[in-house]
Amino acid sequence: MIAKVFSATLQGLEALTVTLEVDVQSAAQPHFSIVGLPDSAIRESQDRVSTALNSNNYNVGVKSIIVNLSPADIKKEGSGFDLPMAIGILTSIGLISNENISKYMFVGELGLDGIIQPVKGALPIAIKARELGYDALFVPEENAREAAVVNKLKVYGVKHLQEVLGFLSGTTFLEPTEVNTREEFYAQQSSFDFDFDEVKGQENVKRAFEVAAAGGHNIILVGSPGCGKSMMAKRLPSILPPLSLAESLETTQIHSIAGKVKRETSLISQRPFRAPHHTVSDVALVGGGVNFMPGEICLSHNGILFLDELPEYSKNVLETLRQPLEDRIITISRARYNITMPCSFMLVAAMNPCPCGYHHHPTHVCTCTPAQIQRYMNKISGPLMDRIDLQVEVEALPVEDMTKAPKGESSATIRERVIRARQIQEQRYAGIKGVHCNAQMTTALLQKYAVLDEASTERLRSAMKMLNLSARAYDRILKVARTIADLEGSENIKSNHIGEAIGYRNLDRESWIE
C-alpha cells in the first residue's frame, strides 16, 4: 500500500508543501531508496529512520522501501523529513491508518532512539500548514512555541516518535501548544541589557544616536581606541521604536530559517543587533551558500547591523552592502536557486581615524602622515560613504570629566522622543510604498517635505562653500535636518536644524585629514 504523508521544505522566506509517497514491499534483499532530489541530509535519513524504528520495536523486516518526495523537480534540504518518513513506512505496512495522517503535517529529525530533534524553519512551515487548511502540525518540542505563534492551527510539540504514533493510533492524548502572542510580545519590548544612563558624558554622540534612531539614518562613529564607540552602539537598540507585530513576524521568520530562534522564544520582540567580525566573508554577510542560509544583513532586518573597525573589512565585503542599503532587499542568484530576501536595516559603523588610532586625540600624538590617513580612509569607498547620513567624531573623555559627569539621560526618556518623531513620519508618508522614515525619502519627497526658507538656504549654501563639503552631502543634510525638525515637533525646517545637520558631516570636510 502506498502511503502519503505531508511535510514541507523551505524556499527563502516561504515553505513549500512536500508529499512523501512511501511504498513498502517484500523483497529478497532489504532496499531503501529515496527519490525526488533529496540532499545529503535526506539521503542519510534512511539509516536514522530504520534504526529509530527498530529501537522502538517496529521491525519492518526484509522489505524494499521507496520514498518519493513530491514535487520531484524541486531540491529538498534538511533533516526534517525523518519523522514523516517513519510515519509513512508504518502506514504503508498497515500499522497506522492512512485516513489519520492525511489531515496533518509533520516535520522533525529523528535520533537513533526515536527522540525528535529540532529543525529550522518551523514558523514558515506553520504558516504554510494553516494556509493549506491542515488540522494540526507536529513539530519537535523545541520548535513548538515558535510554530504556535500561528493562530487557527493546532501545533503539537513532541519529544519522541512513540508520542506521535500513540496519538495517531488513539492511545495517547497530546495537548496542543498555545502561546498568548500579543501578551508575551508586548511584555518583552521594554527590557534591555544596556541603557544610555550608564554612559558618562558624550552628549553630542548620544544626540547623534537619537537623531539616527528617529529618522532611521545610517551612522558612522570615528574616534580613537577606547573612547566608547562600541559601548554606545550596543545601547542603540534601547532607543529605537518598538517592533510592530508585522515586523516581528517577518523578523522571526528569517531567524527561524537560520535556526536562531531560541526554545523559550515565540516571537522576536526586540530589534535585532548583529555585529559580525571583520573577517566575515561576503557570503556570510549577504547570504547564500550551497544550501541557502540568510546572511547577516537579512538577520539584521528591522534592526541594526553594527560593523566595528570598518576599514578592516575586506573591500569586496563592504561593496556588497551598497545595493541592499539602497533597495532594502537582496536577490541571491545561484545555479540552484534564486531567492529574494528583505534586509531593511540601520547600518552603524565604527572606525579609528587613522592607522595608529590617535588622529585628533587631545593627549596622544598621532604618528601617521596625511598620506597614510588618506589611504586608510580610502578603504571605504565614496558610494558606500554616500549611503551614511551621519558622520560623528567621538572624542576621548578625560578621566576627571568621567568621574564628575552626572548620570546620563535614560534610554526610556530618549525613546519617547524617538517614537513621537517616528509617528510624525508615519503620518507624513502614509500611503507611500516603501517609505516609512526620513532616511528612505527619495529626491521627489525631499523637494516636497524638506523645503528650506531663505535663511536656511543661505546657511546651507555658506556651509557647503566654507567647509568644502562634497556635493553628496547636500541631500543627506536635508534628510537629517528634516528628522531634527520632527524631533522638535516643527513642521518647517529652520536654520538651527540645518546647522546641527551640517555638524554631522565631519568626514566630508576636506580639512578633516589635516
Side-chain angles (χ1 to χ4, degrees), residues 1-11 14-25 27 30-54 56 58 60 63-111 114 116-122 124-126 128-140 143 147 155-156 158 160-165 167-169 291:
M1 178 178 68
I2 296 177
K4 292 186 178 182
V5 185
F6 301 100
S7 188
T9 190
L10 298 173
Q11 285 192 323
E14 302 292 327
L16 175 71
T17 303
V18 175
T19 303
L20 285 82
E21 300 175 318
V22 184
D23 185 34
V24 181
Q25 301 287 343
H31 177 70
F32 200 136
S33 177
I34 303 173
V35 297
L37 292 182
D39 69 350
S40 297
I42 300 174
R43 286 193 293 269
E44 291 174 352
S45 65
Q46 56 184 287
D47 296 321
R48 292 193 297 272
V49 171
S50 298
T51 305
L53 290 175
N54 288 332
N56 285 275
Y58 293 102
V60 178
K63 302 289 185 180
S64 171
I65 302 173
I66 298 177
V67 179
N68 177 44
L69 306 176
S70 176
D73 60 341
I74 295 175
K75 185 73 176 178
K76 321 298 187 309
E77 299 171 354
S79 56
F81 295 106
D82 290 4
L83 177 59
M85 203 175 295
I87 293 170
I89 292 172
L90 297 178
T91 303
S92 183
I93 62 178
L95 295 181
I96 299 176
S97 170
N98 211 347
E99 297 178 358
N100 288 347
I101 63 172
S102 60
K103 54 189 176 181
Y104 303 128
M105 184 177 280
F106 304 87
V107 62
E109 175 187 330
L110 285 179
I116 300 177
Q117 308 289 350
V119 296
K120 297 175 182 177
I125 290 172
K128 176 59 70 172
R130 182 186 64 180
E131 177 187 320
L132 297 178
Y134 288 95
D135 286 356
L137 170 67
F138 288 82
V139 297
N143 299 120
V155 174
Y156 294 105
V158 288
H160 197 279
L161 176 62
Q162 291 282 15
E163 292 182 14
V164 184
L165 300 179
F167 178 88
L168 294 175
S169 62
N291 298 327

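Predicted model, so just to flag it, every value in this text is computed and none were measured.
Put simply, OG on Ser40 and CD on Glu77 are 10.5 Å apart, with the number rounded to the nearest 0.5 Å. Remark: Thr9 OG1 to Asp39 CG distance equals 8.0 Å, nearest 0.5 Å. The CD atom of Glu21 sits 5.0 Å away from atom CG of Asn68, with the distance rounded to the nearest 0.5 Å. Once rounded to the nearest 0.5 Å, the distance linking CG of Leu137 with OH of Tyr104 reads 12.0 Å. In this structure, CG in Leu16 is found 8.0 Å from NZ in Lys76, a value given to the nearest 0.5 Å. Note that the CD1 atom of Ile101 and the NZ atom of Lys4 stand 11.0 Å from one another [nearest 0.5 Å].
Scanning all heavy atoms of the two residues, the minimum distance from Ala52 to Gly111 falls at CB-O, 3.5 Å. Taking both residues in full, the closest heavy atoms of Pro124 and Leu10 are given as CG-CD2, 3.8 Å, listed atom of the first, atom of the second, then distance. Closest approach of Ala147 to Ala126, counting heavy atoms only: O-CB, 3.6 Å. Ala136 and Tyr156 get closest at one heavy-atom pair: CB-CE1, 3.5 Å. Nearest heavy atoms, Pro140 versus Val107: CD-O, 3.3 Å. Contact detail for Leu20 and Ser7: the closest heavy-atom pair is CD1-CB, 3.8 Å.
Taking a 6.0 Å sphere around NZ of Lys75, one finds it holds more than 12 heavy atoms contributed by other residues, nucleotides or ligands.
Leu69 places none of its side-chain heavy atoms less than 4.5 Å from the side chain of Ile74. Here the side chains of Phe32 and Val67 are in contact, with some heavy-atom distance below 4.5 Å. Using a 4.5 Å heavy-atom cutoff, the side chains of Ile96 and Leu165 are in contact. Proximity of Thr17 to Tyr134: side-chain heavy atoms (C-beta onward) are separated by under 4.5 Å at one or more points. Using a 4.5 Å cut-off on side-chain heavy atoms (C-beta onward), Val139 and Val119 make no contact.
Side-chain N or O atoms of Arg43 include one that pairs as donor or acceptor with a backbone N or O of Pro38 at under 3.5 Å. Side chain of Ser92 to main chain of Met1: a donor-acceptor pair is present (N/O by atom type, distance under 3.5 Å, no hydrogens or angles). The main-chain N or O of Ile66 is never found under 3.5 Å from a side-chain atom of Ser33 such that the two would form a donor-acceptor pair.
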> Going through the distances and angles, do Ile116 and Val164 end up as a side-chain contact (heavy atoms from CB on, under 4.5 Å)?
Replying inline: CA-CA 10 Å; Ile116 300 177; Val164 184; 4.0 Å; yes
Could you give the side-chain donor-acceptor pairs of residues 78-90 under 3.5 Å, partners two or more places apart or in another chain?
from  : atom 1 : to     : atom 2 : distance (Å)
Ser79 : OG     : Glu109 : OE1    : 2.7
Asp82 : OD1    : Arg48  : NH2    : 3.1
Asp82 : OD2    : Arg48  : NE     : 2.6
Asp82 : OD2    : Arg48  : NH2    : 3.3
Asp82 : OD2    : Leu110 : N      : 3.1

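Within the 6.0 Å centre-distance limit, the rings of Phe167 and Phe138 are counted as a close aromatic pair.
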